[in-house]
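Remarks on the structure that follows.
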Amino acid sequence: MAMWIQAQQLQGEALHQMQALYGQHFPIEVRHYLAQWIENQPWDSVELDNPAEEAKAKRLLDNLVAELQRKAQLQSGEDGFLLKIKLGHYANQLKSTYDRCPLELVRCIKHILHSEQRLVQEATNASSGSEGQTMDSLSQRHQQINQAFEELRLATQETENELRKLQHSQEYFIIQYQENLRIQAQLSSLSSLPPAERTQRETTLQSKRTTVEAWLAREASTLQKYRLDLSAQHQKTLGLLRKQQTLILDEELIQWKRRQQLAGNGGPHEGGLDVLQSWCEKLADLIWQNRQQIRRCEHLTQQLPLPGPMEELLSKLNSDITDIISALVTSTFIIEKQPPQVLKTQTKFAATVRLLVGGKLNVHMNPPQVKAVIVSEQQAKALLKNESTHSESSGEILNNNCVMEYHQTTGTLSAHFRNMSLKRIKRSDRRGAESVTEEKFTVLFESQFSVAGNELVFHVKTLSLPVVVIVHGSQDNNATATVLWDNAFAEPGRVPFVVPDKVLWPQLCEALDMKYKAEMHSGRGLSEDNLVFLAQKAFTSSSSNPEDYHNMTMSWAQFNRESLPGRNFTFWQWFDGVVELMKKHLKPHWNDGAILGFVNKQQAQDMLMSKPNGTFLLRFSDSEIGGITIAWVAENPNKPGERLVWNLLPYTTKDFSIRSLADRISDLNHLLFLYPDRPKDEVFAKYYTPPLSKAVDGYVKPQIKQVVPEFTTPNPEPSGGTPTFMDQTASPSVTHPSNFGVYPSIFRYYQNVCTFSYSSVWWNWPRWEREIDWMALNGINLPLAFTGQEALWQEVYRALGLNQSDIEEFFSGPAFLAWNRMGNMFKFGGPLPQSWHVNQLYLQFKILERMRSFGMIPVLPAFSGNIPKGILRLYPEANVTRLGPWAKFNCSLSCSYILDPRDPLFLQIGSLYLSEVVKQFGTDHIYNTDTFNEMTPPSSDPAYLSAVSRSVFASMTAVDPQAVWLMQGWLFFNDAAFWKPAQIQALLHGVPLGRMIVLDLFAETEPIFSYTESFYGQPFIWCMLHNFGGNSGFFGTVESINSGPFKALHFPNTTLVGIGIAPEGIEQNAVMYELMSELAWRKEPVNLSKWVSLYATRRYGSTQENLTAAWRLLFASIYNCTVPHYRNHNHSPLVRRPSFHMNSELWYDPADLYKAWKLIIEAAPSLMSKETFRYDLVDVTRQALEVLTTSFYQDIADAFQNHKLQELLTAGGVLVYDLLPELNRLLSSDRHFLLGTWLEQARSFALNEEEAKLYDMNARNQLTLWGPSGEILDYANKQWGGLIEDYYAQRWGLFINMLVECLDSGQPFKQDVFHQAVFQVEKGFIYNGRKYPTKPHGDTYEIAYKIFLKYYPQALKRL
């Protein structure tokens, strides 16, 4: 019998305990509807304390969500519809709750299943008399806590019952007391009666009075006893509450905090707080119930005062219960996510503070503000002694106030500090030899709030783990040592921040091993032999016996204050250097077991001398921090027959950034076997740089290889088979003359600086080769060639004196390089791995070679003035302006530093860079740079602007006297309020006429030449921009582009020299690019109707009338936007964050789209073998569903505004549970519409998992949030299989659910609350780690036809 079936048979308290296992964290409905599936999953196979198991837990979460969604889809009929909505909601809720912490889901379900098993077993044992099975210690501890809660619940219920009895008894007593008063009043009134009647009445009343007074006397004594007994019961309950609270706060919570501290050293994740929160909330609930009971007792005592000690007893009870709840509240104000323990000034950092009982006490009804300040160790000590610090701090933290937010789905109340930055630090006088990296601070978080209508006011504080403040990256090493020592050896309840000065060597070994395994992301930590090696180094000992070190101690001074004998570095500095080297470059080799590492020179000699010549091993250098050397055995070249062990000069991180270890080993032909006897190619071949094609066009490509002269042997075929990238870094020669003083008859320009991020960022060489071939076929002769420029900039920055940290802080991630190059932003999505530079340089050489082979003129990058912040340190007198924020980014990622072109340093940097460009890439004399792209210049003075352009151009001609500057004209449109005629002319005329070409970038909509007198004499290219962000969606301005270039050609005094295609993103709307490229060869506009008819024939190889009719319809409507100033930026509600303020207007009649859709569907059966047709079938169906989404959105909005729940459920249900899933299936059936392809291309550039995660984040973020917090949200939206399902549909599902909840509860919809909730969904998608299909699945025609049959009739009805 399934466990769930047995669990449902539980009765009484066992049933109550089973029900208590469920809640928002895991709804009981999910357990019920997926009972068999849940019980069949391998939950117990997941090791909860092993971070490496997170992937397994993530698969279980994804499978659970998928199973719930499948179950929801199976529901039908009127009754099934609401269940379908409910199950879909639970699927979204579980994904949102556990996507970032899937191990917590496994922990939760394991606890539920084990608890159910225990309850069922106990029930079975009770009926059979058999003994229960022994539980593990964790379950036993949890069981004890839960049993204690049950005792408290029963005790509280009992006192509640007794209190009610007391209240009833007291109410009856008061009634009788009132009766006694009434009798006394009647006796007093008898004097007015006749004597006989008075006597008779008096006797009766006196008798009645005596009886009542006797009863009152007895009952008063009974009431007092009730009160005393109840007081004693409350005292007993408070004792149990204290005991339970001590167990939870002083043991369980302290253990969680200790795990959190060890996690800072690489220990297992501390685990979630949900179980602790549930216990604390139960405590809060029970404490509050008892407090209310005591308050009611006080009220009863005041209502009926009786002689005795009750007032004092109740006062003490009230004081005790207040102390208990105060201790609970103050102790459960904790730091869920610690700030970084090595804290660099002027660097953004984050932290999260949580109040575990906030939701239960309704603190969120008036959300408190939390403030963060940094305090010294002495100030922290004073705080813990309750000594007033008068809010003193030891520095200034920016963005240090945050309002606590309540998350309804999880019941958590927390403050997320996302953008804190330590502006300055105030250091104290240091003790003795203590350095600044040994000085500890802490971040104090404090808040004040009240509960129960200001009845209780709490001022809560909590201190972070100790932090070490640094101002430069060079201090990181020593600061990390301080943190590691503190985390490893701090004792609970210590005085801040006392740690032992000496520790046993085995204790330190445990800490070092924990750190090493965490950095390697591997279960292979430090072996006993490794630890013996470290002990020998630490204690200058030669003993190889581990037992000799067990009782030895190591002091802090030995660890990281005193240098090792004969060295200028400490033990820790040496060890940390090894860790950094391995982490950055050699992690895979360590995990493969290829690196012994912890071997000294003598040991290496002893090991190798017994092996054949050519045997080698890898060991860490004794003399250099972060160095590794190759030791090998070979004959002495100078003494035949003599065998020696040789040691290569150690390699460091710098060496491996140039050429990898595997490639270096491949280069050295005398290295044959990795110790003890593994052929080197067997171990390292999978890491060799991939092979490249042979040289072409008669050029011999030079190679960069590592050689050891004494051991060089001829080897025409090196290990690994073919040359690597670094073998071929010589720049190509210019193979055609630059023969234009004026210009060729016409330029045919292609690309946009943004295209390199929105479309080609993840292209490999085959994809680039195909694109260049397309350019050649379409006559493109002036393409941008921007790939690989960061590799050259890195060398220039190094030559100027910048360190690697400066450079890494500057370059953005791959998906955002376009805006880094234009000076809009920096750092976000980075740092760029060195392997990225190598790969991109390789691509650039291939790109330039092929472009030039077709006679194209590649446009190369030049210097715009955008500089890293580090330049200010090296050149403090430089004239640098810091611009304002770009888009919605804050100044931690934007507000770029712009070097004034008039400063001599500008010419120095610009010339240095362009010299490197020409040296490496050759030149065809045309260079692009954009000085003020989407940024306002610091001055509008024409003299200044003219001087700027003159200086920029001078930096080009200083290197290349024939230089021509190609500039985007986008700035004149984007900031038209600044760029008036005088300013435009000044900027353009700073360059000699004819030596600048301006791209009229958005000429199909906003032609700049028409109001600038043809750019005041400078040559220009009429460009079609067409697409923003690479969005999916039909769009075109065919009439404008058909006539625009010819209007420019015949413009008075025109300086037109070409036409261009400049989309931000490509791979959509192919018809527009084909038309535009053809117009370059035309003398007059084409007949659009005839042209598109021929296009249909060419595209499909068919003359079917349906196809030409469909394309004529599309060309006359959706591809012919005539709305003034219209930008093709997809604003469809489908791809926008849902709200009631979305743009749903169309520039065309959807009836034309639906007619074309029908015609293409009818033509489909005979054309499905044509890839172009399959693509268009998907695309037109996608467009139709996009329009229908807008229609359903309008239905949803109307239903909500009119409070029509059923209509809202219907429209929302169709959209979320049918239309969007159908769209996802359709897109997933064609290879051109797959999210998985984009992500896989990104990950393919990575050399290791760390790089793969970085590239994956870049790829996902650009499509969605476009920034850390949605700064340019959905700008680069795409309609791809996988993205619809896991991003857009999830947002819509959440939106519908919130609307339904609002109508159910009668509450208004709050857009800001939705924004907060949906942001978690959006962010969750970026980090969900899910692998998406890279191959299509499903029959495109069947899917499209099914959609057509279902939705085409609806589409017509909605016109």
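With respect to the salt-bridge test (charged N to carboxylate O, under 4.0 angstrom), the residues Asp1179 and Arg1182 qualify. Ionic pairing of Lys919 and Glu795 is not present here: no N-O contact between side-chain nitrogen and carboxylate oxygen is shorter than 4.0 angstrom. Using a 4.0 Å cut-off between charged nitrogen and carboxylate oxygen, Glu1240 and Arg1243 do not count as a salt-bridge pair.
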Candidate pair Met956 and Leu914, rule side-chain contact (heavy atoms from CB on, under 4.5 Å), full reasoning
CA-CA 7 Å; Met956 299 179 191; Leu914 200 60; 4.0 Å; yes
Show your reasoning for whether side-chain hydrogen bond (donor to acceptor under 3.5 Å, both in side chains) applies to Tyr1095 and Glu1078.
CA-CA 11 Å; Tyr1095 170 80; Glu1078 184 173 325; over 6 Å; no
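At least one donor-acceptor pair under 3.5 Å links the side chain of Asn1042 to the backbone N or O of Val1086. Thr923 contributes no side-chain N or O that, together with a main-chain N or O of Val918, makes up a donor-acceptor pair within less than 3.5 Å. A donor-acceptor contact shorter than 3.5 Å links the side chain of Asn1031 to the backbone of Asn1277. Between the side chain of Gln1018 and the backbone N or O of Gly994, at least one donor-acceptor pair lies under 3.5 Å. Ser915 places no side-chain N or O within 3.5 Å of a backbone atom of Val959 that could act as its donor or acceptor partner. His989 places a side-chain N or O within donor-acceptor distance of the main-chain N or O of Tyr1016, the cut-off being under 3.5 Å. No donor-acceptor distance shorter than 3.5 angstrom exists from the side chain of Ser812 to the backbone of Gly829, with no hydrogens or angles considered. Thr929 places a side-chain N or O within 3.5 Å of a backbone atom of Ser864 that can act as its donor or acceptor partner. Although no hydrogens or angles enter the test, the distance criterion places a donor-acceptor pair under 3.5 Å between the side chain of Ser1014 and the main chain of Thr1055.
Using a 4.5 Å heavy-atom threshold, the side chains of Phe756 and Arg821 count as touching. In this structure, the side chains of Met1072 and Asn1027 stay at 4.5 Å or more apart for every pair of heavy atoms. With a 4.5 Å cut-off on side-chain heavy atoms, Leu1263 and Trp1238 count as touching. Using a 4.5 Å cut-off on side-chain heavy atoms (C-beta onward), Thr1334 and Arg1231 make no contact. In this structure the side chain of Asn752 reaches within 4.5 angstrom of the side chain of Gln968, judged on heavy atoms. Contact of the Ile1118 side chain with the Gln1183 side chain is registered, since non-hydrogen atoms from C-beta on lie closer than 4.5 Å. Side-chain contact between Asn820 and Phe810 is present, with heavy atoms from C-beta onward closer than 4.5 Å. A 4.5 Å side-chain heavy-atom check between Val761 and Asn1258 finds every atom pair outside the cut-off.
Ring pair Tyr1073/Trp774: centre-to-centre distance not below 6.0 Å.
In summary, of the residues considered (Trp965, Trp793, Tyr913), a ring-ring contact (aromatic ring centres under 6.0 Å, His included) with Phe863 occurs for Trp793 alone. For the ring-ring contact (aromatic ring centres under 6.0 Å, His included) test with Phe1028, the passing option among Phe1002, Phe1035, Tyr758 is Phe1002; the others fail.
Classification of the Phe972-Phe1015 ring pair by plane angle, with boundaries at 30° and 60°, yields tilted. In this structure, Phe921 and Phe845 have perpendicular ring planes: the angle between them is above 60°, well past the 30° mark. Classification of the Trp836-Phe1245 ring pair by plane angle, with boundaries at 30° and 60°, yields tilted.
Among all heavy-atom pairs drawn from Ser1089 and Arg1112, the shortest one is OG-CD, 3.3 Å. Here the shortest heavy-atom pairing between Gln1262 and Ala815 reads NE2-O, 3.0 Å. Leu907 and Ser955 make their closest contact through CD1-CA, 3.5 Å (heavy atoms, listed as atom of the first residue, atom of the second, distance). The minimum heavy-atom distance linking Pro1045 with Met1076 is given by the pair CG-CE, 4.3 Å. Across all non-hydrogen atoms, the minimal contact from Leu784 to Gln751 is O-OE1, 3.0 Å. Across every non-hydrogen atom of Leu1167 and Ser1102, the tightest pair is CD2-CB, 4.0 Å.
Of the N and O atoms on the side chains of Glu771 and Ser760, not one donor lies less than 3.5 Å from an acceptor on the other residue. Asp663 and Thr689 are linked by a side-chain donor-acceptor pair at a separation below 3.5 angstrom, with hydrogens and angles left out of the test.
Relative to the ring axis of Trp1091, Arg1098 places its NZ or CZ within 45° and under 6.0 Å from the centre.
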